[in-house]
Amino acid sequence: MSHGSATDFAKFETILDADALRGVAALTAETCGDQVQRMLADAQVAERLRTDGLVVLSGLDALPSPDWSWVFVAICGALGKLQPQGAKDSGQVVREVRYRRGSLQERTVRYSDSRSGGSYHSDGVPVPGPLPDVLALLCVRPAPRGGELVFVDSTSALEAATHRMPGLPAALSRDFHFDQRREDDPTATAVRRIVERHEGEDRLVYLRDYVESGHRIAGVRPLAADEIEAMDVLDEVLADEALHIEGRLAPGQIAINDNHRFVHGRHEFPDEQDEQGGRLMLRCWIRASKGE
């Protein structure tokens, strides 16, 4: 379904000052905090996040590529507290997002490890506890073809879906089991509501593939007919390109988004690699600082 054209996320771009970046890189991860804070304040990153919910940072390519990862982590740390990305490993605050073989239909394969497109989602749904407030992705290498990021405002999507199915918010405000996709504990789920209240507004907490596999686990209730219908309606709305903000990150660009305000996905990319090894992103989850 497509009722219009997607918005190019180039309109959300902010270019970091090259001299400021070199000043950060001249320091160390332990000593660069104040410099990073000043650089982000000058670029009005926090204000852009509050206003638009999405910022695309450019300029990191002014630095040697070996510096990108630690400067990226420093930028994320300046926006709040880095959040663990696994139920077992509390120390994993940076994760490589790349194709690790396998299909999303396999119970232990994560979306971030697949080539799949669509499947619009909030980050952090399979990990118990609060969702990350902010998601940050650094492009190290784009896919040779495909892999463009897509963001959808969850409030706009919910309004459109509720217009089609007035009972949708009630059907999706029940407790759902999101599959944790763990090899060591294949029955583990995280219980969440797909429609939940956040700061006075209904927002989406979603990844349908994980909901469906979670409710196929022995002992978990089957999905009700109205829940399946509601997700069908929601998926049709999320597929409408008129609601999409999308674009292809270049090497060294960082996409930072409000994980409560937007669900996101990507275009599918083929199982092919360039001489450097194919699509690679670095991901951080961030718990926003108080007052941010």
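Only a predicted model underlies this, so the values are computations on that prediction, with no experimental measurement involved. Starting from 1, each residue takes its place in the sequence as its number.
Looking at L60 and L21, their side chains come closer than 4.5 Å, going by heavy atoms from C-beta outward. Between T28 and W70 there is no side-chain heavy-atom pair separated by less than 4.5 Å. Taking 4.5 Å as the limit, every side-chain heavy atom of L63 sits out of range of all side-chain heavy atoms of V24.
Between atom OH of residue Y206 and atom CE of residue M231 there is a gap of 5.5 Å, rounded to the nearest 0.5 Å. Note that CZ of R22 and CG of D67 are 12.0 Å apart. Values are rounded to the nearest 0.5 Å. Taking CG of D202 as the reference point, atom CD of E196 lies at 9.5 Å (rounded to 0.5 Å). The OG1 atom of T14 sits 11.5 Å away from atom CD1 of I254, with the distance rounded to the nearest 0.5 Å. One distance of note links CG of D123 with CG of L135; it measures 4.5 Å at 0.5 Å rounding. The CZ atom of R203 lies 9.5 Å from the CZ atom of R197; values are rounded to the nearest 0.5 Å.
Residues L223 and L172 are members of one and the same hydrophobic cluster, defined by side-chain heavy-atom contacts under 4.5 angstrom among Ile, Leu, Val, Met, Phe, Trp and Tyr. Residues L82 and L138 are members of one and the same hydrophobic cluster, defined by side-chain heavy-atom contacts under 4.5 angstrom among Ile, Leu, Val, Met, Phe, Trp and Tyr. A chain of hydrophobic side-chain contacts below 4.5 Å, direct or via other Ile, Leu, Val, Met, Phe, Trp or Tyr residues, connects M165 to V211. Clustering ILVMFWY residues whenever any of their side-chain heavy atoms sit less than 4.5 angstrom apart, transitively, puts V220 in a cluster other than the one holding I194. Put simply, V73 and L40 are part of the same group of oily side chains (I, L, V, M, F, W, Y) that touch within less than 4.5 Å, one to the next.
Between P66 and S69, the shortest heavy-atom distance links the atoms O-OG, 4.1 Å. Across every non-hydrogen atom of A224 and R221, the tightest pair is N-NH1, 4.1 Å. In plain terms, the two heavy atoms of V195 and L204 that are nearest each other are CG2-CD2, 4.4 Å. Taking each heavy atom of E13 and R48 in turn, the nearest pair found is O-NH1, 3.8 Å.
Judged purely by atom type and a 3.5 angstrom limit, T162 has no side-chain atom pairing as donor or acceptor with the backbone of L168. Of the possible donor and acceptor atoms, none in the side chain of Q35 sits under 3.5 Å from a partner among the backbone N and O of C32. Within the 3.5 Å criterion, the main-chain N or O of T189 finds a donor-acceptor partner in the side chain of Q180. When atom types are taken as modelled, the side chain of D153 and the backbone of T155 share a donor-acceptor pair closer than 3.5 angstrom. A donor-acceptor pair under 3.5 Å is formed between the side chain of R192 and the backbone N or O of V125. Distance alone, capped at 3.5 Å, places no donor-acceptor pair between the D175 side chain and the V191 backbone.
Salt bridge annotation for D226-R174: present, with a cationic side-chain nitrogen under 4.0 angstrom from a carboxylate oxygen. Between D113 and R98, no side-chain nitrogen of the basic residue sits less than 4.0 Å from a carboxylate oxygen of the acidic one, so the salt-bridge criterion is not met.
Inspection of the H267 and E246 side chains reveals an N or O donor paired with an N or O acceptor under 3.5 Å.
F151 and F262 have perpendicular rings, their planes meeting at more than 60° on a 0 to 90° scale where under 30° would count as parallel. Taking the six-membered ring for Trp and thresholds of 30 and 60 degrees, H198 and H260 have nearly parallel ring planes, at less than 30 degrees apart.
Y111 carries R266 over the face of its six-membered ring, with the cationic atom under 6.0 Å from the centre and within 45° of the normal. Cation-pi check for R283 over F72 is not met; the charged atom does not lie both under 6.0 angstrom from the ring centroid and within 45 degrees of its normal.
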- Task: List the steps, then state whether salt bridge (charged side-chain N to carboxylate O under 4.0 Å, His left out) holds for D232 with R208.
- Result: CA-CA 10 Å; D232 287 343; R208 182 169 183 168; 2.8 Å; yes
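Taking the six-membered ring for Trp and the full ring otherwise, Y120 and H244 have centroids separated by under 6.0 Å.
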